[in-house]
K.L.:
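Got a structure for you, questions after.
We count ligands from 1, going down the list as the structure has it; atoms in each ligand are counted the same way. Each residue takes its place number in the sequence, starting with 1.
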Amino acid sequence: MTIQTIIEPFRIKTVEPLRMTTRGEREQILAKAGHNLFNVRAEDVLIDLLTDSGTSAMSARQWAGLIDGDESYAGARSFYRFEKAVKDLTGLKHIIPTHQGRAAEKILFTILGGPGKIIPNNTHFDTTRANIEVSGAEAADLPVKEALIPSLVKDFKGNMDIAGLERLLKQKGPEQVPLVMMTVTNNSCAGQPVSMGCIRRVSELCHSYGIPFFIDACRFAENAWFVKTREPGCRGRSVTQLAQEMFSYADGCIMSGKKDGLVNIGGFLAVNDDELARKARNILIVTEGFPTYGGLAGRDLEAFAQGLEEVVDEDYLRYRIRSIEYVVEKLDAAGVPVFKPAGGHAIYLDATSFLPHVPPHEFPGHALACALYIEGGIRSCEIGSVMFGKNDPRTGAFQPALLELVRLAIPRRVYTQSHMDYVVECVGEVFAKRDAIRGVRIIQEPPVLRHFTATFQPL
Ligand code: F0G
């Protein structure tokens, strides 16, 4: 018999203790936090699956890079190492570091957004959408129809609806559409990958209208792994080659290094257009820092460059993607409604099917996330009507999100298989008791990105 277990391709050198709490303590903690898991202290969480962003464990080489970082204000060696790593990967001309992804978004949409503009994406992430809307532009989501059916097993559910994009471009043209974006993997659609074919066709379509094509590249390596393992004709090519091909179709990209950069902070904007780069650097100097550090310390740039090299390691990606699939398989076997097939960085529970008795305006995803915390100290994140639902500005009518999901995002290189087995058991336990879970109502909320700070009350 051949050996089948895919192991973590690293061993652990430094450990952080986890603090156990009782159910009674967790009930009190959650009530004090206004029933919002963003308000809970991390030390009161046992398994923290709130996000895969900025939560990676760095390698010994990355930590060594922190000591080796060049902290010169201008022209630091660490910047040139970083710039080379990003150029080798993306082939793009101007590499502009930022302190994280949304800072790159802010700069890009300050220049290209504005009233009357519309910016399509397969699905915008919340900060991308917020930065577009803050500029006065409209953010348009164009997911494929299959993305809205959680139980449907199909490859590349993260793709963009190309026919829908073509209709939009025909109608609005380059006067109103300053760029088209593609998010890989599609975070707001359950971390589903985008195929190379789709990236290529969207790029060609954009260029036929003279519109620049940008990639939101936070999870480019995970996307490239899916392309390698699922797209016909790609198995024989390396993840690096596939990622390079993906970027070759783009005129620019933004990236939060807090995901596939394997760092705790960092991001960048990369573009080919000289004029756009000049404008971006001018804003950067005012808001982030000098163009060779852009809001980061030299040591951060060093760790980021190293992370970009490590993340394309195929033993790492095989383990990474398998670790998510492992949890999805176990939950699915237990009858728990889970988004299928497994995505790249997270497990997404389908709260609509999990809690059919809780209607969208009572926020089933939020209620489920709270129940998981009470049950096992697991912190997850609602990606549903708290995050994306709206009240119609004219009628006040509630408009729910397209899907009510709960995301269990898996930090990179942090948790082991037994942590995941514990998560599976806790979700199973909550599923067994699902009939007793009630919805929530919002007590107070801010005008934008309400999921971060709103407070709730169980019904
Ligand atoms: N784009 C995507 C697809 C993202 O997932 C994120 C962040 C950003 C942009 C913004 O990057 O956080 O560095 O400013 N996503 C995190 C998450 C927060 O939990 O999914 P950032």
Side-chain angles (χ1 to χ4, degrees), residues 37-38 42 45 48-56 96-109 119-134 139 141 143 147 158 160 179 181-194 199 214-223 246 250 252-270 287-288 294-296 300 303-304 307-308 324 339 343-348 365 369 379-384 386-388 405-412 414 448-453:
L37 291 164
F38 281 99
V45 175
D48 205 342
L49 309 183
L50 183 64
T51 179
D52 63 320
S53 180
T55 51
S56 300
I96 301 168
T98 57
H99 81 275
Q100 63 182 81
R102 69 197 71 181
E105 294 167 1
K106 172 77 182 157
I107 293 171
L108 183 64
F109 301 127
I119 297 159
N121 202 327
N122 43 352
T123 319
H124 288 283
F125 185 64
D126 60 352
T127 60
T128 322
R129 169 173 287 279
N131 271 303
I132 289 169
E133 290 175 352
V134 163
D141 288 335
M160 185 182 279
L179 76 158
M181 295 199 79
M182 183 80 90
T183 304
V184 300
T185 56
N186 190 339
N187 187 15
S188 303
C189 270
Q192 296 293 307
V194 179
I199 294 172
F214 273 65
I215 294 178
D216 179 343
C218 300
R219 300 176 178 90
F220 76 92
E222 290 170 2
N223 200 80
M246 224 156 69
C253 75
I254 53 169
M255 178 169 177
S256 166
K258 300 172 73 172
K259 287 82 170 171
D260 275 352
L262 296 175
V263 283
N264 306 117
I265 198 75
F268 64 82
L269 166 66
T287 58
E288 292 280 292
L296 292 170
D300 298 325
F304 197 167
L308 287 173
I324 313 287
F339 200 105
H345 64 293
I347 297 102
Y348 292 71
R379 175 152 68 174
S380 56
C381 179
E382 190 254 21
I383 299 198
V386 174
M387 193 180 272
F388 291 119
L405 302 175
V406 172
R407 185 182 74 171
L408 307 170
I410 310 300
R412 293 168 181 75
V414 171
V448 281
L449 298 175
R450 67 177 173 186
H451 51 287
F452 289 128
T453 54

K.L.:
If hydrogens are left out, which of Glu105, His99, His124 has an atom nearest to atom 9 (C) of ligand 1, that is, the closest non-hydrogen atom?
P.N.:
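The option holding the nearest heavy atom is Glu105.
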
K.L.:
Considering only non-hydrogen protein atoms, determine which one is nearest to atom 1 (N) of ligand 1 and report residue, atom name and distance to 0.1 Å.
P.N.:
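Among all protein heavy atoms, the one nearest atom 1 (N) of ligand 1 is Asp216 OD2, 2.7 Å.
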
K.L.:
For the salt bridge (Lys or Arg N to Asp or Glu O under 4.0 Å) test, which of Arg412, Lys258, Lys259 pairs with Asp52?
P.N.:
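One option only clears the test, and that one is Arg412.
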
K.L.:
Return yes or no for this condition: an N or O of Asp52 is under 3.5 Å from an N or O of ligand 1.
P.N.:
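No, Asp52 has no N/O under 3.5 Å of an N/O on ligand 1.
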
K.L.:
Pick, from Met181, Lys259, His345, the option with the minimum heavy-atom distance to atom 16 (C) of ligand 1.
P.N.:
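Looking at heavy atoms only, the winner is Lys259.
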
K.L.:
Using a 4.0 Å cutoff against the non-hydrogen atoms of Gly101, which atoms of ligand 1 qualify?
P.N.:
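Going through ligand 1 atom by atom, the ones under 4.0 Å from Gly101 are 11 (O), 13 (O), 14 (O), 21 (P).
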
K.L.:
Show your reasoning for whether side chain to side chain contact (heavy atoms under 4.5 Å, CB included) applies to His124 and Ile119.
P.N.:
CA-CA 9 Å; His124 288 283; Ile119 297 159; 4.0 Å; yes

K.L.:
Distance under 4.0 Å to a non-hydrogen atom of Ser256: what atoms of ligand 1 satisfy this?
P.N.:
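Answer for ligand 1: 11 (O), 13 (O), 21 (P).
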
K.L.:
At what distance is the nearest protein heavy atom to atom 12 (O) of ligand 1, and which residue and atom is it?
P.N.:
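So the nearest neighbour among protein heavy atoms is Arg102 NH2, 2.9 Å.
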
K.L.:
Check the angle between the aromatic planes of Phe38 and Phe452 and answer parallel, tilted or perpendicular using the 30° and 60° thresholds.
P.N.:
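Ring orientation of Phe38 relative to Phe452: perpendicular.
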
K.L.:
For ligand 1, which is the ligand I care about here, please tell me if Gly266 has any N or O atom under 3.5 Å from one of the ligand's N or O atoms.
P.N.:
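No; every N/O pair is 3.5 Å or more apart.
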
K.L.:
Side chain or backbone, does Thr127 bring an N or O within less than 3.5 Å of an N or O on ligand 1?
P.N.:
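No, Thr127 has no N/O under 3.5 Å of an N/O on ligand 1.
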
K.L.:
With heavy atoms under 4.0 Å as the rule, classify the contact between Lys106 and ligand 1 as side chain, backbone, both or neither.
P.N.:
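Neither part.
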
K.L.:
Between His345 and Asn187, is the side chain to side chain donor-acceptor pair (under 3.5 Å) condition met? List the steps.
P.N.:
CA-CA 8 Å; His345 64 293; Asn187 187 15; 2.9 Å; yes

K.L.:
I'd like to know whether ligand 1 has Gly267 as a neighbour, heavy-atom separation below 4.0 Å.
P.N.:
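Outside the 4.0 Å threshold, so no.
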
K.L.:
Determine whether the side chain, the backbone, both or neither of Lys258 has a heavy atom under 4.0 Å from any heavy atom of ligand 1.
P.N.:
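Lys258 to ligand 1: side-chain contact only, backbone stays beyond 4.0 Å.
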
K.L.:
Would you name the heavy atoms of Thr55 and Val414 that are closest together and state the gap between them?
P.N.:
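Closest approach of Thr55 to Val414, heavy atoms only: O-CG2, 3.2 Å.
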
K.L.:
Where do Phe304 and Gly257 come nearest, in terms of heavy atoms and distance?
P.N.:
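Taking Phe304 first and Gly257 second, the nearest heavy atoms are CZ-CA, 3.3 Å.
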
K.L.:
Just need the protein heavy atom nearest to atom 21 (P) of ligand 1, so name the residue and atom and give the distance.
P.N.:
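Atom 21 (P) of ligand 1 sits closest to the protein heavy atom Gln100 NE2, 3.3 Å.
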
K.L.:
Output yes when the distance from some N or O of ligand 1 to some N or O of Thr183 is under 3.5 Å, and no in every other case.
P.N.:
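In this structure, Thr183 places no N or O atom under 3.5 Å from an N or O of ligand 1.
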
K.L.:
Which atoms from ligand 1 have a heavy atom of Cys218 less than 4.0 Å away?
P.N.:
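Result: 1 (N), 2 (C), 3 (C), 4 (C), 9 (C).
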
K.L.:
Apply side chain to side chain donor-acceptor pair (under 3.5 Å) to residues Asn121 and Arg129 and explain how you reach the verdict.
P.N.:
CA-CA 10 Å; Asn121 202 327; Arg129 169 173 287 279; over 6 Å; no

K.L.:
At what distance, to the nearest 0.5 angstrom, does CZ of Arg379 lie from CG of Asp48?
P.N.:
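It is 4.0 Å, given to the nearest 0.5 Å.
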
K.L.:
Could you pull out the closest heavy-atom pair between Pro97 and Leu296, with the gap in Å?
P.N.:
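Nearest pair, atom of Pro97 first, then Leu296: CB-CD1, 4.4 Å.
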
K.L.:
Would you name the heavy atoms of Thr123 and Pro143 that are closest together and state the gap between them?
P.N.:
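Closest heavy-atom pair between Thr123 and Pro143: OG1-CB, 3.9 Å.
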
